[in-house]
Amino acid sequence: QVQLVESGGGLVQPGGSLRLSCAASGSILSFNAMGWFRQAPGKERECVSGISWGGGRTNYADSVKGRFTISRDNAKNTLYLQMNSLKPEDTAVYYCARDAHFLRIPIPTLSSHYAYWGQGTQVTVSS
C-alpha cells in the first residue's frame with residue numbers, strides 16, 4: 001500500500017522559508033509524476049507545483065512562481081518543496097500526491113489525476 005508522509009511545515013514570518021518533504025513507502029515513485037497541493041480554510045484545494053516522473057519538467061501556479069521550487073530524489077523516494085519569500089496568503093495545509101498513472105506527460109494539475117495523498121502538513125505564515 002502506498003503511503004505518503006509530509007513533513008517540514010510550521011509557523012514562519014512573512015519573508016521566511018520552509019522546506020517541505022514527502023517520503024513515500026510501499027511504492028517506488030520513480031515512474032510517477034508528483035504534485036504539491038494546498039488548501040486554505042474555506043477555499044478549494046489548488047495545485048501549487050508538479051514534477052514529471054524523471055524530474056526534468058516542472059510547473060508552478062502563478063502565485064508561487066519564482067518563490068517555490070519543487071524537486072525529487074528518486075533514490076530516496078522523496079519529494080521536496082522549497083518555499084522562499086513566504087507570504088501570509090501561502091498559509092494552508094500542504095499535501096503531496098502521486099499521479100495515478102505511470103510515465104504520464106504532461107504533468108497533471110487536477111487533483112482527480114492523483115491517486116495517493118499524504119495527510120498534509122500545516123504551513124502558517126504570520127508575524
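Inter-residue side-chain proximity for Trp36 and Glu6 is flagged as met; some heavy-atom pair is nearer than 4.5 Å. In this structure, the side chains of Trp53 and Ile107 stay at 4.5 Å or more apart for every pair of heavy atoms. At least one side-chain heavy atom of Trp117 sits less than 4.5 Å from a side-chain heavy atom of Ser111. Residues Gln122 and Leu11 are not in side-chain contact: their nearest non-hydrogen atoms beyond the backbone lie 4.5 Å or more apart. You'll find the side chain of Arg38 stays beyond 4.5 Å of the side chain of Ser49, heavy atoms only. Between Leu18 and Leu86 there is a side-chain heavy-atom pair separated by less than 4.5 Å. With a 4.5 Å cut-off on side-chain heavy atoms, Arg67 and Lys87 count as touching.
Using cut-offs of 30° and 60° on the angle between ring planes, the pair Phe37 and Tyr114 is perpendicular.
Judged by distance alone, the side chains of Asn84 and Ser17 do bring a donor and an acceptor atom under 3.5 Å apart. A donor-acceptor contact under 3.5 angstrom links the side chains of Arg72 and Asn74, judged on distance only.
Between the CG atom of Leu79 and the OG atom of Ser71 there is a distance of 7.0 Å, given to the nearest 0.5 Å. Arg57 contributes atom CZ, which lies 15.0 Å from atom CD1 of Ile70 (distance to the nearest 0.5 angstrom). Distance CD/Gln1 to OG/Ser25: 9.0 Å, rounded to 0.5 Å. Once rounded to the nearest 0.5 Å, the distance linking OG1 of Thr78 with CG of Asp73 reads 6.5 Å. Atom OH in Tyr94 sits 10.5 Å away from atom OG1 in Thr121 (nearest 0.5 Å). Distance CZ/Phe68 to CG/Leu20: 8.0 Å, rounded to 0.5 Å.
Across every non-hydrogen atom of Thr58 and Ile51, the tightest pair is CG2-CG1, 3.9 Å. Across Asp99 and Asn32, no two heavy atoms sit closer than the pair O-ND2, 3.3 Å. Between Lys43 and Gln39, the shortest heavy-atom distance links the atoms O-NE2, 3.1 Å. When all heavy atoms are compared, the tightest approach of Val123 to Met83 is CG2-CE, 3.9 Å. Closest approach of Pro14 and Ser126 over heavy atoms only: CD-C, 3.6 Å. Nearest heavy-atom pair, Ala92 versus Ala40, reported as atom, atom and distance to 0.1 Å: CB-N, 3.8 Å.
Of the possible polar contacts, none joining the Thr109 side chain to the Cys47 backbone as a donor-acceptor pair under 3.5 Å is found.
Around CD of Glu44, the count of heavy atoms belonging to other residues, nucleotides or ligands within 6.0 Å does not exceed 12.
Note on Asp62 versus Lys65: salt bridge recorded, some NZ/NE/NH1/NH2 to OD/OE distance being below 4.0 Å.
Under a cutoff of 6.0 Å and an axis angle of 45°, Arg98 and Tyr95 do not form a cation-pi pair.
At a threshold of 4.5 Å between side-chain heavy atoms, the hydrophobic network of Ile, Leu, Val, Met, Phe, Trp and Tyr places Val64 and Val12 in one connected group.
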